[in-house]
Amino acid sequence: MSDSTEVRSYTVRLELVDRPGELLRALSPIAEHGGNLLSIFHERGNVTPRGHIPVEVDMEATPEQFDSIVDALRDEGINVIQAGAEQYTEELTVVLVGHLVNTDLSNTLERIQSATGANVDDLSLSAPEGDEGVSSARVRLSTNAGGAGSALETIRTVADDKDLRVIEPLTAGETA
Amino acid sequence: MRLAIVGAGAVGSSVAELAGEYGHTVTALADSSGAVVDPDGVDVDVALDRKDAEGTVGTAPIADALAGAYDVLVEATPTTLGDAEPGFGHMKAALERDRHVVLANKGPVAERYGEVRELERESAGEVYLEATVGGAMPVLSTVADFGAEHIEAARGVLNGTANFVLSRMAAEGLDYEHVLAEAQDLGVAEADPSFDVEGTDAALKCVILANVLYDREYTLSDATVEGIRDLPGSALELAAEGGRTIRLIGEVQDGAIRVGPRLIPEHGALAVTGTRNIVELETEHAGLLDISGRGAGGPETATAVLADIGRLSE
């Protein structure tokens with residue numbers, strides 16, 4: 001933030017409530033505060049654990065404009081889950097097995113996200129025995145470069161607390 | 001070469017049956033209750049028929065087999081943990097007489113590797129152990145050919161039973177219990193499958209690989225081991241939706257040994273099916289090298305024993 005007039009590119013990840021007009025409401029503050037919208041990635045079919053729709057917005061703005069945009073989005077009650085020039089570069093997929101629902105899956109994911117700075121991009125849950133039984137979840141996370149290893153450590157710790165099994169990828173960070 | 005074979009289970013009896021074809025003579029054959037010893041050559045068929053009928057290959061004490069005339073002792077008694085006895089003692093007796101030892105029993109080299117190499121140094125005999133890792137697959141001889149210092153990591157599927165269970169679960173969408181019962185009916189899994197499904201067997205092979213790769217003593221207690229028991233079918237389904245599958249993978253890397261169910265690419269080299277095994281070596285100058293084949297079974301493992309005996313004959 002040394003030079004506040006320099007235009008940079010930013011990526012903002014938002015979680016939108018699934019109702020008409022919500023996307024437009026989220027985009028208005030960007031134009032209103034002088035940001036230049038570059039692209040919108042609207043993951044319509046991909047609902048977050050909280051039932052929201054993730055949207056990724058790329059824009060150009062000065063650091064000052066960007067701060068006002070993020071403030072304005074938050075004032076509008078829009079959930080900004082990640083804001084900044086930071087790029088996610090590593091992907092990590094794990095399968096969790098155990099009493100996922102009973103042990104509060106969204107809390108599990110929040111703990112993983114908040115402790116690692118990783119972002120849950122995708123979640124699939126299979127609970128053939130219902131909420132009381134053993135279920136499995138495939139979780140795809142993106143982390144900063146070099147962050148997959150520490151994210152995995154955190155996942156192991158959280159899983160250990162909740163008596164869940166973690167099926168790790170063979171090599172942390174592999175995308176194959 | 002004259003062979004004394006201790007252990008007359010699937011591997012030991014296969015070595016005895018195939019020895020003639022490979023130009024060797026069996027001068028002693030022993031099981032847990034008795035032995036048959038003949039410096040001119042034991043009649044293997046008669047001895048194995050007697051084992052079928054009477055439960056033992058012969059009436060001589062096992063000590064006679066160890067003290068008899070032979071060039072190579074083939075140690076093929078069941079793998080035991082901890083002190084690795086009686087296999088370790090059999091091996092020691094042979095080395096102290098300056099005889100060679102070919103191991104099919106994993107115990108001595110997984111639990112007391114340092115002592116095995118110490119005894120070998122003091123002996124004119126040598127110890128070979130190809131058969132202890134990956135059945136018919138030439139894993140340790142490949143490591144020896146490349147030079148252990150040129151191998152950076154090793155990983156793979158080293159237990160056919162666990163692999164059969166996981167690949168059947170993935171292909172048929174069946175549960176763990178169902179597939180395990182099927183594997184038991186087919187004779188792929190034992191009545192007590194713990195050794196295989198809890199990862200112990202794969203871990204022992206990884207420990208041996210680590211001992212050879214790093215030339216120091218690891219034991220089973222140095223390995224981080226997790227099995228596949230009660231893994232739900234839903235985990236395999238979810239893995240498949242993401243283009244992956246789950247296999248029990250053993251890994252030796254950066255001085256650490258790990259065995260556990262891991263996510264791997266569904267169509268990758270490591271995703272072998274059925275009872276097939278694979279070992280992938282990460283080499284310093286030649287990229288990845290995959291060795292795949294039958295990792296268990298009497299004639300398969302006997303082939304590795306006979307390959308070791310062939311090396312001793314050179």
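Residue numbering restarts at 1 for every chain, and letters A, B, ... go by the order of the sequence lines.
- For a residue to count as touching a neighbouring chain, one of its non-hydrogen atoms must lie under 4.5 Å from one of that chain's; by this rule Glu251(B) touches chain A with the side chain only.
- For Lys162(A) and Asn107(A), the side-chain atoms include at least one donor-acceptor pair closer than 3.5 Å.
- Using bins of under 30°, 30° to 60° and over 60° for the plane-to-plane angle, the ring pair His285(B)/His150(B) lands in the tilted bin.
- Residue Leu231(B) touches chain A through both its backbone and its side chain, counting heavy-atom pairs closer than 4.5 Å.
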For this session: Tell me, with the steps shown, if Glu226(B) and Arg262(B) meet salt bridge (Lys or Arg N to Asp or Glu O under 4.0 Å).
Result: CA-CA 10 Å; Glu226(B) 201 197 320; Arg262(B) 307 292 287 272; over 6 Å; no
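- With a threshold of 4.5 angstrom between heavy atoms, Arg165(A) approaches chain B through side-chain atoms but not through N, CA, C or O.
- Of the two parts of Val95(A), the backbone and the side chain both hold a non-hydrogen atom closer than 4.5 Å to a non-hydrogen atom of chain B.
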For this session: Test salt bridge (Lys or Arg N to Asp or Glu O under 4.0 Å) on Arg155(B) and Glu282(B) and set out the steps.
Result: CA-CA 8 Å; Arg155(B) 63 184 71 88; Glu282(B) 213 174 291; 2.5 Å; yes
